[in-house]
Structure formats: structure tokens, C-alpha cells
Amino acid sequence: MKLKNKIKLLGLVFILTILFLSNKVLATNTIDVKVNGTMDFTKATEVLQLVNDERKANGAEPLKMDAELQEVAMTRAAELALNFDHTRPDGTICFTICSKSHGENIACGMTTSSDVMKRWMNSATHKSNILDNSFKSIGIGCFKNGNVYYWVQNFSMYDASLETSKTGTQNITYNVSVINENLKMYARKTTNSNSISFMNIGNEGSYIFGIKNKSTDLFYSVGDASDYIFSSSNSNVIKMNSDGTFNAVGKGTSTITIALKANPSVNYTEDIAVRLLEPDKVTGLKAQNQKTTSFDITWNLQNETADKYEVYMYNSKKKKYENLGTSYSNGGKVYGLQSGTTYKLKVKALRTVNGTTYTGPFSDILKTTTATEKTKISKVKGAKKKLTVNWKKISKATGYQVQVATDKKFTKNKKSVTISKNKTISKTIKKLKSKKKYYVRVRTYRKVGGKKVYSKWSSVKNIKTK
């Protein structure tokens with residue numbers, strides 16, 4: 001919520017000087033911009049009553065609403081949407097709008113007459129205008145542009161030539177002259193897409209656009225579409241309409257430009273990416289935590305294009321993929337499986353838009369396996385600087401891994417040996433320390449797709465070398 005200091009004009013020579021300068025500016029360096037909004041005469045009349053209540057309480061004569069000054073004040077309120085200042089958007093001082101105007105208070109952001117009066121009365125400079133005994137008439141403007149109210153009080157030392165007590169509201173479009181160098185574009189898109197970074201084919205959108213207020217970053221003047229040119233660099237991707245609305249019609253990227261017709265260098269550009277409604281192909285599918293009857297699977301999450309995922313596993317008996325279930329994250333657990341068995345899985349993403357569900361392509365097929373049952377050590381025999389271990393054969397295993405160490409946690413003097421043949425169930429570990437106690441354990445592994453999946457370790461045995 002903003003207000004500006006009061007301003008008074010006290011000299012005819014100064015008036016003439018300002019008028020001369022303003023004509024020079026207007027002739028060479030301005031363009032007209034439409035400002036649409038609503039004049040609120042009821043709120044303006046409420047302000048007049050509050051002004052006269054304050055003047056009465058301070059011994060000043062009441063002010064009368066002058067019809068010409070009120071029209072001027074409404075115009076000035078509209079101008080504030082472009083430049084919240086006592087300088088008009090065309091670069092001239094506020095008093096050039098009417099020779100009867102000798103003082104001005106302005107404010108913006110407040111929505112009620114009582115709120116704006118409180119703000120003015122809490123400011124010494126604004127208050128002095130309101131209570132000034134030299135003023136005899138007033139024009140009060142209340143203009144709403146977009147969602148913002150702009151307020152103006154124009155004070156005059158002259159009696160009201162035509163008194164008015166107009167109430168109600170009235171929509172109006174002002175053509176306001178603005179200095180070219182003060183023009184800066186404001187634009188923001190709104191869409192029915194779930195994403196802020198891209199749209200999907202079929203999404204619609206529109207732009208909120210206008211001219212930034214020269215004096216404050218808080219506000220901008222809501223633009224009139226007839227003042228602007230809307231264009232799309234690729235109409236096969238984004239179809240742009242003359243009112244600032246648009247449609248996503250094809251996959252790709254298009255650059256949107258919104259420019260003032262009278263000065264195309266005042267513009268806003270933005271790239272909009274458009275995707276298909278169908279989600280992308282799921283990537284990064286992998287298995288982990290393989291156990292004898294279950295394993296976990298994960299994949300790359302599609303935050304912006306998928307709502308859920310369906311997991312499918314191949315049924316070798318029925319010779320087809322079957323739906324295992326739905327995941328709303330990027331993973332899940334597959335259970336109820338057989339030990340030491342190879343499985344094939346694939347995943348696809350789905351998303352629902354306006355009640356319709358769209359399905360993306362399947363991921364690449366993942367081949368993985370459950371772990372085999374653990375083996376048992378049947379015999380351990382120590383010899384000079386070596387030991388031999390025997391274990392139970394596991395039919396579904398690709399091979400085995402044997403570990404020895406001088407501590408139960410298998411951290412000291414650890415050695416690991418891999419046996420790649422399923423039929424080999426005995427291994428001699430050499431180059432050990434003599435007369436040293438060693439701990440021994442064995443596990444199986446299955447190799448699928450170049451990756452090994454290990455079983456749990458067998459129970460630990462120990463033996464002393466010679």
C-alpha cells in the first residue's frame with residue numbers, strides 16, 4: 001500500500017513553464033497506452049464525507065465536489081497505474097491536467113475509503129492539504145485497474161463551478177500518453193498444465209500482461225490486448241491468439257513474443273516447451289537387495305510427466321508379461337518368488353489428465369535373479385600354511401566364493417577366492433600363516449546379465465594351519 005507526498009502549485013509563471021515543457025515532451029517522445037478499469041464514484045463520495053468530517057473537526061470550511069475536478073482526479077488515478085508519482089506518465093507535472101488544480105494527494109493499494117483517509121491523515125504533508133483553509137473545492141478519483149485501487153485528491157482554491165454527487169461505478173478505458181523510455185513490459189503466463197517448466201499437447205493458457213509502473217515494482221498497469229502484438233515462433237507447437245490466450249498443439253519449443261504495437265522494442269519473450277500427453281519411457285530400471293524369495297526394483301522418477309507406474313513380469317509358463325501391480329513412487333518390492341531363479345521385468349509410466357489416462361512406452365527389459373539357498377561347509381582340513389574346505393553343492397548356483405580370515409568378522413588377513421564352476425565344491429587356500437587359527441565361510445552366486453547375485457554366507461568354521 002503506497003501513498004505519495006502532497007504537492008501544491010503556487011505560481012502562474014511556474015504553471016506556464018511546466019505547460020511549455022510538457023508540450024515539447026508530448027510532441028516528440030510519447031505513445032498512447034490504453035488503461036482499462038472502473039471508476040468508483042461511491043468510494044470517492046465516501047472520501048469527500050471523511051475529508052469534510054476532518055475539516056469540521058479542525059475548524060475548516062467544508063469542500064464541495066467539483067464535477068470537472070472529479071473527472072480530472074479519475075483520470076489522474078488511472079495515470080497512477082502507469083506512474084505512481086506527481087509527475088504524469090507523459091513527463092509533465094500533475095497540474096498540467098487542469099488549471100483549477102492547486103494541490104494533489106495520491107495513494108494506491110488501499111481498498112476502502114476509510115483506509116486511504118487514515119493513511120493520508122497519518123501523513124503530515126497529506127493532512128495539511130486536506131485541512132488547508134485556502135482550498136474551496138475538490139475532485140476525488142478512485143480507479144480500479146486489475147485488482148489495485150488508485151486514489152487521488154485534487155484540491156482547488158476556486159469555488160466549485162458545477163457541484164456533483166455522483167455515485168455507483170463505471171467501466172472506462174483511458175488513452176494515456178507515456179514517455180517511451182518509461183515503458184517496461186510486464187507479462188506472466190498461466191496454464192492448465194501441471195508443470196511450470198513445460199506444457200502438454202492439449203493444454204491451454206493465457207498471459208497477464210501490461211506496463212510496469214515506473215515508480216514502484218509492486219504494481220503494473222493491466223494491458224489492453226488491442227495495444228499488443230502476440231506471436232509464436234512456431235505455430236505448430238504453440239498457437240497464439242490475438243487476446244493473449246494460446247494453445248499447445250504440437251511437440252517442441254516455441255518462443256512467444258508480446259510487443260507493444262506502437263513501440264515493438266517494448267516486449268516480453270519466453271520459450272514454452274510442449275510435450276506429448278503420454279509419459280516418457282521409463283529409464284534406469286534395476287534390481288537390488290536380492291534375496292531367496294524377493295528383490296527390490298527401482299527406476300528413474302518422472303516427477304513432471306507421470307502419476308504412477310505399472311510393473312510387469314514375464315510368466316514363462318503362459319509365455320507373456322503379467323501386471324504385478326502399481327507403484328506411485330520410483331520403486332517397489334517383488335516377492336513370492338523362487339530361489340535361484342532368473343526373472344524378466346519391465347515398467348511403464350501412466351498419467352491422468354482431465355479424467356483420461358495416458359500410457360508411456362515400456363522400459364527396457366531387466367533380467368535379474370533371486371539369490372540361491374546358502375550352502376553348508378561339510379569339512380575343513382588344515383595343513384602346512386594352507387587349508388582345504390569342502391561344501392555342499394547348490395544346483396542353481398553359477399559358482400561359489402570362499403573367504404578366510406584370522407578373525408570372526410573377516411577383517412584381518414582376509415582372502416577371497418571365487419570358484420566359477422558349479423560342480424567344484426572343494427578349494428585349497430594356500431600361502432597362509434603357519435600355526436595360525438583361520439575362520440572360513442562360503443557363499444554361492446548366480447550370474448545374470450553380467451552381475452553376480454550372492455546368497456547368504458554359510459555358517460563359519462575354523463581350523464588351525466600347521
Side-chain angles (χ1 to χ4, degrees), residues 1-4 7 32-52 63-90 92 94-101 103-120 126 129-130 137-156 160-178 208 210-211 213-216 218-227:
M1 295 188 180
K2 294 270 187 174
L3 54 82
K4 280 275 186 176
I7 183 168
D32 284 350
V33 174
K34 293 184 180 67
V35 179
N36 299 323
T38 303
M39 299 183 292
D40 196 320
F41 295 99
T42 298
K43 290 182 186 292
T45 300
E46 291 171 355
V47 170
L48 174 64
Q49 183 60 53
L50 294 170
V51 165
N52 285 331
L63 300 178
K64 294 182 178 180
M65 184 84 82
D66 182 89
E68 182 183 358
L69 280 178
Q70 184 172 45
E71 183 178 339
V72 165
M74 288 292 184
T75 303
R76 281 289 297 131
E79 291 180 347
L80 296 183
L82 288 163
N83 186 19
F84 183 68
D85 197 273
H86 294 293
T87 298
R88 301 177 67 191
D90 64 9
T92 64
C94 59
F95 300 112
T96 60
I97 195 169
C98 178
S99 60
K100 293 170 65 173
S101 180
E104 180 178 88
N105 286 345
I106 63 176
C108 67
M110 287 69 77
T111 59
T112 67
S113 55
S114 58
D115 284 343
V116 72
M117 275 298 294
K118 286 177 184 176
R119 287 297 184 104
W120 277 329
H126 295 87
N129 261 350
I130 292 170
S137 61
I138 190 173
I140 300 170
C142 176
F143 180 79
K144 185 181 181 183
N145 173 254
N147 293 318
V148 181
Y149 282 92
Y150 297 91
W151 306 80
V152 173
Q153 292 175 326
N154 281 122
F155 300 92
S156 178
S161 57
L162 179 62
E163 193 175 349
T164 181
S165 57
K166 198 172 182 180
T167 59
T169 60
Q170 180 182 333
N171 294 332
I172 190 170
T173 298
Y174 287 99
N175 287 310
V176 180
S177 294
V178 187
I208 298 168
I211 301 299
N213 197 293
K214 178 181 181 295
S215 300
T216 174
L218 296 176
F219 305 114
Y220 67 95
S221 172
V222 179
D224 186 292
S226 64
D227 280 341

Participant: What pairs with Val148 under side-chain contact (heavy atoms from CB on, under 4.5 Å), at least two apart in sequence or on another chain?
Facilitator: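 Counting only residues at least two positions away or on another chain, Val148 forms a side-chain contact (heavy atoms from CB on, under 4.5 Å) with Tyr150, Phe219.
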
Participant: Looking only at atom types and distance, does a side-chain atom of Thr45 sit under 3.5 Å from a main-chain N or O of Phe41, one as donor and one as acceptor?
Facilitator: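 Looks like yes, one N/O pair under 3.5 Å.
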
Participant: Going from OG on Ser215 to CG on Asn83, what distance comes out if it is rounded to the nearest 0.5 angstrom?
Facilitator: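 Answer rounded to 0.5 Å: 3.5 Å.
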
Participant: Residues two or more places apart in sequence or in another chain: which of them pass side chain to side chain donor-acceptor pair (under 3.5 Å) with Asp32?
Facilitator: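 So Asp32 forms a side chain to side chain donor-acceptor pair (under 3.5 Å) with Ser177.
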
Participant: Can you measure from CZ (Arg119) to CG (Asn105) and round to the nearest 0.5 angstrom?
Facilitator: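 These two atoms lie 14.0 Å from each other.
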
Participant: Would you confirm whether Trp151, through its side chain, and Thr111, through its main-chain N or O, come within 3.5 Å as a donor-acceptor pair?
Facilitator: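 Judged by distance alone, no pair lies under 3.5 Å.
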
Participant: May I ask you to test the Val152-Leu80 pair for a side-chain heavy-atom distance under 4.5 Å?
Facilitator: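 In contact.
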
Participant: Just jot down the side chain to side chain donor-acceptor pair (under 3.5 Å) partners of Glu163, sequence neighbours excluded, or say none.
Facilitator: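 With sequence neighbours excluded, Glu163 shows a side chain to side chain donor-acceptor pair (under 3.5 Å) to no residue whatsoever.
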
Participant: Report the C-alpha distance between Lys214 and Asp85 in whole Å, list the side-chain angles of each, state the deciding distance to 0.1 Å, and finish with yes or no for side-chain contact (heavy atoms from CB on, under 4.5 Å).
Facilitator: CA-CA 9 Å; Lys214 178 181 181 295; Asp85 197 273; over 6 Å; no

Participant: Between Glu104 and His86, does the side-chain contact (heavy atoms from CB on, under 4.5 Å) criterion hold? Intermediate values first, please.
Facilitator: CA-CA 8 Å; Glu104 180 178 88; His86 294 293; 2.7 Å; yes

Participant: Test your reading of the model: is there a side-chain donor-acceptor pair from Ser137 to the backbone of Lys64, 3.5 Å cut-off?
Facilitator: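 Not a single qualifying donor-acceptor pair exists.
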
Participant: Of Asp90, Val35, Ile211, Leu82, which is the lone residue that meets side-chain contact (heavy atoms from CB on, under 4.5 Å) with Val178?
Facilitator: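 Answer to the side-chain contact (heavy atoms from CB on, under 4.5 Å) test with Val178 among Asp90, Val35, Ile211, Leu82: Leu82.
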
Participant: Taking side-chain contact (heavy atoms from CB on, under 4.5 Å) as the test, write out the residues that go with Asn36, two or more places apart.
Facilitator: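 Partners of Asn36 by the side-chain contact (heavy atoms from CB on, under 4.5 Å) criterion, ordered by chain and then number, come out as Thr173, Asp224.
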
Participant: For Thr167, which residues count as a side chain to side chain donor-acceptor pair (under 3.5 Å) partner, sequence neighbours excluded?
Facilitator: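 With sequence neighbours excluded, Thr167 shows a side chain to side chain donor-acceptor pair (under 3.5 Å) to no residue whatsoever.
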
Participant: What's the spacing between Leu218 CG and Cys108 SG if we round to 0.5 Å?
Facilitator: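 The CG atom of Leu218 sits 7.5 Å away from the SG atom of Cys108.
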
Participant: Could you pull out all residues at least two apart from Asn52 that satisfy side chain to side chain donor-acceptor pair (under 3.5 Å)?
Facilitator: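 Listed in chain order: nothing, the list is empty.
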
Participant: How close do Ala44 and Cys142 get, heavy atom to heavy atom, and via which atoms?
Facilitator: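 Smallest heavy-atom distance, with atoms named: N-CB, 4.5 Å.
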
Participant: If I take atom CZ from residue Arg76 and atom CG from residue Asn154, how far apart are they, to the nearest 0.5 angstrom?
Facilitator: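 Rounded to the nearest 0.5 Å, the CZ-CG separation comes to 7.5 Å.
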
Participant: Apply ring-ring contact (aromatic ring centres under 6.0 Å, His included) to Tyr149 and list each qualifying residue two or more places apart in sequence or on a separate chain.
Facilitator: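 Counting only residues at least two positions away or on another chain, Tyr149 forms no ring-ring contact (aromatic ring centres under 6.0 Å, His included).
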
Participant: Just jot down the side-chain contact (heavy atoms from CB on, under 4.5 Å) partners of Gln49, sequence neighbours excluded, or say none.
Facilitator: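 With sequence neighbours excluded, Gln49 shows a side-chain contact (heavy atoms from CB on, under 4.5 Å) to Asp53, given in chain and number order.
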
Participant: Considering residues at least two apart in sequence or located in another chain, which fulfil the ring-ring contact (aromatic ring centres under 6.0 Å, His included) criterion with Tyr174?
Facilitator: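 ring-ring contact (aromatic ring centres under 6.0 Å, His included) check on Tyr174 returns Phe143.
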
Participant: Taking the side chain as every heavy atom from C-beta outward, state whether Gln153 and Val51 have any pair of such atoms under 4.5 Å apart.
Facilitator: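 Touching, per the 4.5 Å side-chain cut-off.
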
Participant: Please determine, by modelled atom types, if Asn213 and Thr216 share a side-chain donor-acceptor pair under 3.5 angstrom.
Facilitator: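 No, because no side-chain N or O of Asn213 sits under 3.5 Å from a partner of the opposite role on Thr216.
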
Participant: What's the spacing between Asn129 CG and Ile138 CD1 if we round to 0.5 Å?
Facilitator: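 Those atoms lie 9.0 Å apart.
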
Participant: I need the minimum non-hydrogen distance between Ile130 and Trp120, along with the two atoms involved.
Facilitator: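 Minimum heavy-atom contact is CD1-CB, 3.8 Å.
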
Participant: Measuring from atom OG of Ser221 to atom NZ of Lys34, what distance do you get when rounded to the nearest 0.5 angstrom?
Facilitator: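 Between Ser221 OG and Lys34 NZ, I get 12.0 Å after rounding to 0.5 Å.
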
Participant: Which pairs, with at least one residue in residues 37-47 and sequence neighbours excluded, count as a salt bridge (charged side-chain N to carboxylate O under 4.0 Å, His left out)?
Facilitator: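 The answer is none; no pair qualifies.
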
Participant: Tell me, with the steps shown, if Thr112 and Val116 meet side-chain contact (heavy atoms from CB on, under 4.5 Å).
Facilitator: CA-CA 6 Å; Thr112 67; Val116 72; over 6 Å; no

Participant: Under 3.5 Å, side-chain donor or acceptor atoms of residues 65-75 against the rest of the protein: list the pairs with distances, not counting sequence neighbours.
Facilitator:
{"from": "Asp66", "atom 1": "OD1", "to": "Lys100", "atom 2": "NZ", "distance (Å)": "3.0"}
{"from": "Asp66", "atom 1": "OD1", "to": "Ser161", "atom 2": "N", "distance (Å)": "2.9"}
{"from": "Asp66", "atom 1": "OD1", "to": "Ser161", "atom 2": "OG", "distance (Å)": "3.4"}
{"from": "Asp66", "atom 1": "OD2", "to": "Glu68", "atom 2": "N", "distance (Å)": "3.0"}
{"from": "Asp66", "atom 1": "OD2", "to": "Leu69", "atom 2": "N", "distance (Å)": "2.9"}
{"from": "Asp66", "atom 1": "OD2", "to": "Lys100", "atom 2": "NZ", "distance (Å)": "3.1"}
{"from": "Glu68", "atom 1": "OE1", "to": "Lys100", "atom 2": "NZ", "distance (Å)": "3.4"}
{"from": "Thr75", "atom 1": "OG1", "to": "Glu71", "atom 2": "O", "distance (Å)": "3.0"}

Participant: What pairs with Arg88 under salt bridge (charged side-chain N to carboxylate O under 4.0 Å, His left out), at least two apart in sequence or on another chain?
Facilitator: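 In terms of salt bridge (charged side-chain N to carboxylate O under 4.0 Å, His left out), with neighbours along the sequence ignored, Arg88 is linked to Glu79.
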
